[in-house]
Structures are given as structure tokens and as C-alpha cells.
Amino acid sequence: MLLTRLADVSREVAATSARSRKTALLAELFREADADDVPIVIPYLAGRLPQGRLGVGWKVLGRPVEPAAAPGLTVREVDALLTELATVAGPGSQAERQRLVAELMGAATADEQRYLLGLLTGEVRQGALDAVAVEGLAEATGAPPADVRRAVMLAGALQPVAQALLTEGPPALERFRLTVGRPVLPMLAHSASSVGEAVAKLDGCAVEEKLDGIRVQVHRDGDTVRVHTRTLDDITDRLPEVTAAARELPGERFILDGEVLSFGPDGRPRSFQDTAGRVGSRVDVATAAEAVPVSPVFFDALAVGDRDLLDLPFTERHAELARLVPEPMRVRRTLVTGPKDTARAEAFLAETLARGHEGVVVKALDAPYSAGRRGASWLKVKPVHTLDLVVLAAEWGHGRRTGRLSNLHLGARGPDGAFIMLGKTFKGMTDAMLAWQTGRLRELAVEEHGWGVTVRPELVVEIAYDGLQRSTRYPAGVTLRFARVVRYREDKRAEEADTVENLLAAHPEVHP
DNA sequence: TTCCGACAGTGGGGTCGCAAT
DNA sequence: ATTGCGACCCCACTATCGGAA
């Protein structure tokens with residue numbers, strides 16, 4: 001199959017807003033693909049590369065290459081070149097990557113170059129990724145969409161399911177069952193603004209600690225233990241403590257879901273930054289483990305022995321978990337029967353925060369494990385802080401925000417009245433706010449740059465954030481975690497904005 | 001007809017590892 | 001030794017479509 005065909009379809013998919021039409025376009029192409037092209041075409045149309053990330057970013061891709069006059073590249077040729085690109089390493093590799101990218105781009109037409117650029121940067125912007133590809137696959141093969149979706153969750157990836165379906169038809173879906181040793185996409189949680197709201201929605205729930213670490217799925221089959229992240233990367237080798245802990249448990253075969261984090265000598269959790277740094281260390285794991293030891297804390301069981309627990313209610317899965325995993329290696333929890341029990345749930349949240357944790361997750365007791373979904377039956381509740389900050393600059397947006405000033409640079413008042421930048425945010429704005437702030441910030445602009453504008457520090461904006469963290473990037477030595485816009489405060493003057501001093505006082509546990 | 005669940009998009013900061021300087 | 005880049009952790013929020021109620 002020719003690359004130009006994919007580029008055309010991608011453009012058409014991007015041009016239509018109807019999801020049903022996107023699905024139909026993908027389905028049509030899936031039907032056309034040869035068996036040999038399927039392993040390439042499927043991920044491409046879902047906006048990803050079969051090789052994963054290739055170590056090329058904007059630095060390499062930014063250099064313009066004269067496009068070919070006529071399309072001729074096949075998807076298999078592209079794939080072969082990208083496979084080569086993925087294996088380049090060692091001294092001189094950057095130049096070699098540059099050369100390979102130039103070779104590829106030089107063989108592509110302008111349209112194909114645009115499409116390749118999207119694939120290589122992971123920004124195809126066609127309004128269709130895995131979920132729409134799954135629908136398209138179902139439509140192309142006549143398999144029930146729900147069955148295809150489930151198979152993808154259990155396989156942890158679209159590609160093997162697509163391959164089996166397109167070559168063997170719907171009966172092939174039978175093969176994709178929960179298997180110890182093969183990671184499945186984890187269930188995710190929605191947010192709720194308060195424990196009361198969460199408890200009212202679920203009616204009969206467990207309230208569990210939300211630990212601020214790295215999500216892990218641990219598979220044990222006899223002596224073999226594998227540890228996977230939320231995106232199913234294998235991090236077993238970085239976490240010897242987790243392997244050891246899994247081997248200690250009184251079960252030969254299981255799949256557990258949990259969080260890995262580090263506790264300090266005082267028994268309190270270390271900051272997310274410390275835990276993440278440890279988990280990210282690959283080279284000298286022994287030294288890293290000595291400085292920052294980690295522990296797994298589990299909250300769900302997906303399989304025990306030969307039993308697949310996914311469709312059981314949480315109550316029953318938890319009973320299995322409790323049989324297998326002793327108390328300190330399980331998250332703390334309390335049971336709540338309904339809205340009248342809210343006070344107890346709130347008390348549990350307060351205790352959890354006092355112990356230094358992030359918040360709680362409220363989980364419906366009757367809900368199955370919805371692998372790969374952001375199920376409505378798990379609701380996380382975290383305390384939210386707010387500040388009134390001053391907009392110092394704004395950056396031009398991309399994609400659907402092109403032409404709008406989007407990413408705001410935020411400052412607090414310093415001791416001498418000057419404004420000190422604390423970070424940026426692009427989150428929380430409606431389209432109306434984007435339009436309004438673009439006009440208002442242009443009025444306040446003192447300097448235009450390629451990336452955006454710097455403005456007179458006059459506009460006050462209320463910002464919500466989850467906490468402070470250390471920063472080497474910003475002058476106060478701290479930055480806001482997950483900052484988002486709540487509303488503009490035109491009733492406030494910049495001189496009334498919050499100060500760095502007050503911010504630091506509000507988070508005494510963070511040392512800049 | 002209205003409501004709501006699921007998706008895609010828009011990027012944020014930190015940290016690590018690697019290659020280049 | 002230091003710097004720049006890319007990958008991959010953590011993540012919030014809005015707009016939109018289309019099926020459910």
C-alpha cells in the first residue's frame with residue numbers, strides 16, 4: 001500500500017467531525033490492506049508507529065527537506081527506514097538519524113511529509129486515535145465493537161488484535177483472554193470535587209488512600225515476576241524490591257494492581273519527585289535503591305491462580321487481594337454505605353492527608369475492573385489550592401488553538417514588588433476565555449515574540465493547583481503542580497495578587 | 001429532547017539517559 | 001563537565017459526538 005493513500009485518508013478523517021464518518025473511512029482502508037501491510041497500517045492510522053518512539057523530535061524534524069514531486073513511497077518502505085532509524089545508537093548517531101530522516105522526507109511529497117511529521121511527533125491531529133481505530137476495525141470485520149475493545153484491553157495493544165481479526169475473522173477474538181504475564185491496560189479514575197459528591201454518586205463504596213507514586217501492574221507466575229507501568233512499559237529491572245515482595249506473597253500466580261512509592265525513615269511518603277527519580281533510574285539501580293528504597297502498595301487483584309477476576313464486583317476482587325496481600329502492602333481503606341456515611345469518608349480523607357498522601361479514591365463496591373477505561377466507578381478526590389496570580393506573558397497555541405494566545409506565564413508578587421514567574425498553564429480555559437484573553441493580552445502587550453507576547457503585569461487570574469514542587473527552572477525555586485485557570489479576576493489589581501512569601505508559607509513541607 | 005459517557009486535543013514540570021559540545 | 005534533546009512519568013480540563021434516558 002502506498003503512503004499517499006494513508007495520508008489522504010488521514011486528511012479526510014481530520015476534515016470530518018462526525019465520528020461515524022471517521023470510523024467508516026478507517027474501516028474502508030483496513031479492508032484494503034494486504035496481510036503484510038496490516039502491522040504497519042493499523043498503528044499508523046491510530047496515530048502511532050509500530051516502533052514506538054524513535055528518538056527524533058522537533059530538533060531533527062524541523063529542518064525542511066525538498067519534497068518529492070510525485071508519490072511513490074510504500075508503507076513498507078517507510079517502515080523499513082523507521083526500523084533502521086530506531087536502531088541507530090552511539091557516537092555519530094544524531095547525524096545518522098538526521099540523514100535517515102532527510103532520506104525519508106526527500107522521498108515524500110509535501111502531503112506525505114506532513115503526515116509523516118504527525119506520526120513521528122505523535123501529533124496526527126486527525127481526531128481519531130486508538131478508540132476510533134477499534135471502531136473501524138469492528139466495522140471492517142463485522143465483529144462486535146465491545147468484543148474488539150475488550151480484546152484490545154486484554155492484549156494491551158491494538159495491533160495484535162487487528163492482525164488476528166483481519167486474517168482470521170471474529171472468532172480470533174476468543175484468543176485474547178486475561179493471561180498472567182501479559183499486561184492489560186489499567187483502569188483509570190475520574191475526578192470528583194469532594195468526598196461528598198463522590199459518595200453520593202456511587203452509593204456503597206470503598207474509600208481508599210490515593211498514593212502519590214508510580215502505578216504498577218505486577219504479574220507473578222512461579223518465580224517469574226514482571227512489573228509494568230500504566231502505559232505497560234516493563235520496569236521490572238528497576239524495581240528489585242517489588243519483585244522480592246511479589247515472591248514473598250503466598251500465591252504462585254497472580255496479577256495485582258497498585259502503586260510504587262518511597263517512604264522516608266520517618267515512615268512518611270517521600271515526594272513524588274523523589275519516587276519518580278528513583279523509578280526512572282536504570283543504570284545503577286543498586287545505588288538508587290539504597291538511597292531511595294521503594295515499596296509496592298496494592299489495591300486490586302485482576303487474577304489469582306487460574307481465575308480471571310476482572311468481571312467480579314470490587315468487593316470480591318478485594319477479598320481475593322486481602323487473602324493474598326498482608327496489611328502494610330495494601331492501601332488503607334474504609335467502607336461507606338451511602339451518603340449518610342459521608343462524615344466518615346471525610347474523616348478518612350483528613351487522616352490520609354495527615355499521613356502525607358495525595359488524597360483518596362472512592363470506588364463502587366459492585367463495579368467490575370474496567371480495563372483501559374476511565375470508569376465512572378472510581379472517583380479520585382484531592383485537595384485543591386488556589387492563588388491569584390498575574391499574567392506575565394502568553395504563548396501562541398497550536399492545533400485548534402492556532403491564532404489564540406493560550407499558554408500563560410504566571411507570576412506571584414516578590415518582596416520588592418516585582419513579579420516572579422512560578423510556571424505556565426494552558427488548562428481550564430473555555431473557547432470564550434481563549435478568545436477574550438487573546439484580545440485583552442494583545443492590548444497589554446509590550447513586546448511581540450515568535451512564540452507569543454510579553455505583557456504589562458496587570459491581568460490577575462485565579463489559578464487552581466495541586467501543590468508545590470521544587471524547581472530548578474523558575475527563580476523562586478518552586479513551581480505549581482498541575483496549574484489550571486479557574487477564572488479571570490478583573491476585580492483585582494496586580495498589587496493584590498498573592499505573594500511568593502505567602503505561597504511558601506502555605507507549603508512548609510517544600511524546601512526551595 | 002436532553003443528558004452524559006467516552007475521546008481527542010492541548011499542552012504543563014520533573015527526571016533520567018544519551019550524545020554532542 | 002556541561003548542555004540539549006527526547007522519552008516517559010505524573011496530570012486537568014474543554015469540546016464534541018452519539019448513544020442512553
Side-chain angles (χ1 to χ4, degrees), chain A residues 13-14 16-23 46-47 52-61 88-97 120-135 149 188-191 212-216 229-233 235 238 259-261 271-284 288 358 370 372-376 380 382 384 395 397-402 404 406-410 422-434 463-474 478-486:
Chain A
V13 168
T16 175
S17 60
R19 235 164 249 166
S20 46
R21 176 84 184 123
K22 291 178 193 282
T23 303
R53 304 299 308 164
L54 297 178
V56 294
W58 288 107
K59 181 74 192 201
V60 172
L61 297 171
V88 175
S93 59
Q94 200 159 301
E96 178 63 5
R97 273 197 285 269
L120 287 162
T121 58
E123 296 176 10
V124 289
R125 290 178 176 142
Q126 60 184 14
L129 297 172
D130 263 4
V132 181
V134 165
E135 293 292 317
R149 196 154 48 228
L188 306 172
H190 276 291
S191 292
D212 198 6
I214 305 293
R215 180 83 176 264
V216 287
T229 65
R230 194 163 90 91
T231 50
L232 308 189
D233 283 349
I235 55 169
R238 300 182 222 167
E259 195 88 0
V260 151
L261 75 166
S271 73
F272 173 76
Q273 283 173 300
D274 291 337
T275 293
R278 159 60 210 281
V279 176
S281 298
R282 279 162 286 185
V283 174
D284 188 354
E358 195 183 6
S370 314
R373 320 220 83 172
R374 204 169 275 286
K380 56 184 163 185
K382 298 186 283 184
V384 175
E395 299 174 17
H398 300 90
R400 70 183 299 282
R401 292 192 178 187
T402 300
R404 305 279 190 217
S406 171
N407 199 5
L408 306 177
H409 295 199
L410 304 168
L422 286 176
K424 308 181 189 180
T425 186
F426 56 90
K427 294 174 184 161
M429 301 130 179
T430 61
D431 286 1
M433 287 167 80
L434 281 164
I463 298 294
Y465 66 104
D466 277 20
L468 265 197
Q469 51 185 353
R470 297 188 309 269
S471 173
T472 53
R473 180 179 308 221
Y474 293 108
V478 292
T479 189
L480 306 178
R481 192 170 181 201
F482 309 139
R484 60 267 189 192
V485 171
V486 178

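Excluded from the calculations below are hydrogen atoms, water molecules and symmetry mates; all remaining heavy atoms, backbone and side chain alike, are included. Labels below follow one simple rule: chain letters A, B, ... track the order of the sequence lines, proteins then strands, and each chain is numbered from 1. Quantities reported herein were computed from a predicted structural model and do not represent experimental measurements.
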Examine [N]: is either OP1 or OP2 under 4.0 Å from a nitrogen or oxygen in the side chain of [X]? Give yes or no.
X: A:S406; N: B:dG11; result: yes
X: A:S17; N: C:dC17; result: yes
X: A:T430; N: C:dT14; result: no
X: A:R282; N: B:dT15; result: no
X: A:R21; N: C:dC17; result: no
X: A:H398; N: B:dG11; result: yes
X: A:R19; N: B:dC7; result: no
X: A:Q273; N: B:dT15; result: yes
X: A:R473; N: B:dG14; result: yes

query: Is A:H190 atom NE2 crowded by more than 12 heavy atoms from other residues, nucleotides or ligands, each under 6.0 Å away?
result: yes
- prompt: Does any donor atom in the side chain of A:E395 or A:H409 lie under 3.5 Å from an acceptor atom in the other side chain?
  reply: yes
Would you classify [X] as touching base, sugar-phosphate or nothing, given that sugar-phosphate means primed atoms plus P, OP1 and OP2, and contacts are heavy atoms under 4.0 Å?
X: A:L480; result: nothing
X: A:G52; result: nothing
X: A:E123; result: nothing
X: A:K382; result: sugar-phosphate
X: A:A89; result: sugar-phosphate
X: A:F482; result: base
X: A:V279; result: nothing
X: A:T425; result: nothing
X: A:K427; result: base
X: A:A18; result: sugar-phosphate
X: A:R484; result: sugar-phosphate

Just how far, in rounded Å, is [atom2] of [N] from [atom1] of [X]?
X: A:R481; N: C:dA12; atom1: CZ; atom2: P; result: 9 Å
X: A:E395; N: B:dG12; atom1: CD; atom2: P; result: 6 Å
X: A:R404; N: B:dT10; atom1: CZ; atom2: C1'; result: 15 Å
X: A:Q469; N: C:dA12; atom1: CD; atom2: P; result: 13 Å
X: A:L261; N: B:dG14; atom1: CG; atom2: P; result: 21 Å
X: A:Q126; N: B:dA8; atom1: CD; atom2: P; result: 10 Å
X: A:M429; N: B:dG11; atom1: CE; atom2: P; result: 10 Å
X: A:K380; N: C:dC13; atom1: NZ; atom2: C1'; result: 11 Å

Donor-acceptor pair, side chain of [X] and main chain of [Y], under 3.5 angstrom:
X: A:Q273; Y: A:R470; answer: yes
X: A:T425; Y: A:A483; answer: yes
X: A:R401; Y: A:F426; answer: yes

Just compare [options] and give me whichever is closest to any side-chain atom of [X].
X: A:A131; options: C:dC9, B:dC7, C:dC11; value: B:dC7
X: A:V132; options: B:dG13, C:dA15, B:dA8; value: B:dA8
X: A:N407; options: C:dA12, B:dG11, C:dT14; value: B:dG11
X: A:R215; options: B:dA20, C:dC10, B:dG9; value: C:dC10
X: A:D431; options: C:dC11, B:dG14, C:dA15; value: C:dA15
X: A:S93; options: B:dG11, B:dG13, B:dA19; value: B:dA19
X: A:K424; options: B:dA6, C:dC8, B:dG12; value: B:dG12
X: A:L129; options: B:dA8, B:dT10, B:dG13; value: B:dA8
X: A:S191; options: B:dA19, C:dA12, B:dG17; value: C:dA12
X: A:R53; options: C:dG6, B:dA19, C:dA7; value: C:dA7

task: Identify, between A:L422 and A:D130, the residue whose nearest nucleotide on DNA chain B lies closer to the 5' end.
output: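 Final value for this comparison: A:D130.
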- line: Whichever of A:F426 and A:A276 has the more 5' nearest nucleotide on DNA chain B, that residue is A:F426
message: Between A:E358 and A:K380, does the salt bridge (Lys or Arg N to Asp or Glu O under 4.0 Å) criterion hold? Intermediate values first, please.
response: CA-CA 10 Å; A:E358 195 183 6; A:K380 56 184 163 185; over 6 Å; no
Output yes when [X] and [Y] qualify as a salt bridge under the 4.0 Å nitrogen-oxygen rule, no when they do not.
X: A:D212; Y: A:R481; value: yes
X: A:D431; Y: A:R400; value: yes
X: A:E259; Y: A:R215; value: no

- prompt: Taking for each residue the nucleotide of DNA chain C bearing the nearest heavy atom, is the 5' side occupied by A:T231 or by A:G57?
  reply: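 Its nearest nucleotide being more 5', the pick is A:G57.
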- prompt: Taking the nucleotide of DNA chain C with the closest heavy atom to each, which residue, A:S20 or A:A464, is nearer the 5' end?
  reply: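 First, find each residue's nearest nucleotide; the 5'-ward one identifies A:A464.
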task: Sort out the partner of B:dC7 for me: Watson-Crick or G-U wobble, both distances under 3.5 Å, none otherwise.
output: none
